[in-house]
Amino acid sequence: MGSLNAEPLLSLESIPEGALAEVEVRLGEDAESLILYRQAGAVRAWLNVCPHAGRRLDWAPGQFLKSREGLLVCAAHGASFELDGGLCVAGPCRGDALRPVAVEVRDGQVWLSPSPL
Ligand code: FES
């Protein structure tokens, strides 16, 4: 099992500025897929679970759709999320939001924060 913070999720430099990435982590009992988004040297994270129908947002692991307006678009039915707060601003679950996961950047690596949710 190991503790939550035993290993970094990935290195910061593996996510280009303004890009999205996907990692698999263990949160408690469950293995979860996370969406990571790098902006201005900081990283935000959400569960890779769409609030519309519970599907992953990527069409293949780590392959996310981004609209011309910079929204993250769910590959299943097109719900569009702004990347500042994970709020759905268009599509079938408008007004809902992705579930945030607390992460931090330390020593050039991205880690789960001690209280990840
Ligand atoms: S599951 Fe994402 S839009 Fe339907």
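Atoms within each ligand, like the ligands themselves, are counted from 1 in listed order.
A salt bridge links Glu24 with Arg56: at least one charged nitrogen is closer than 4.0 Å to a carboxylate oxygen.
Using a heavy-atom distance under 4.0 Å as the criterion, the protein contacts of ligand 1 are Cys50, His52, Ala53, Arg55, Cys74, Ala76, His77, Gly78, Ala79, Pro92.
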Checking side-chain contact (heavy atoms from CB on, under 4.5 Å) for the pair Tyr37/Asp84: CA distance, chi angles, key distance, verdict?
CA-CA 9 Å; Tyr37 173 57; Asp84 286 333; 5.5 Å; no
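For the side chain to side chain contact (heavy atoms under 4.5 Å, CB included) with Leu57, the qualifying choice from Val49, Asn48, Leu47 is Asn48, the only one to do so.
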What side-chain donor-acceptor pairs closer than 3.5 Å can you find for residues 70-81, not counting sequence neighbours?
unit_1, atom_1, unit_2, atom_2, d
His77, ND1, His52, ND1, 3.1
Ser80, OG, Gly78, O, 3.3

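From Glu82, atom CD reaches atom CG of Leu98 across 9.0 Å, with rounding to the nearest 0.5 Å. To the nearest 0.5 Å, the span separating SG on Cys88 from CZ on Arg94 amounts to 8.0 Å.
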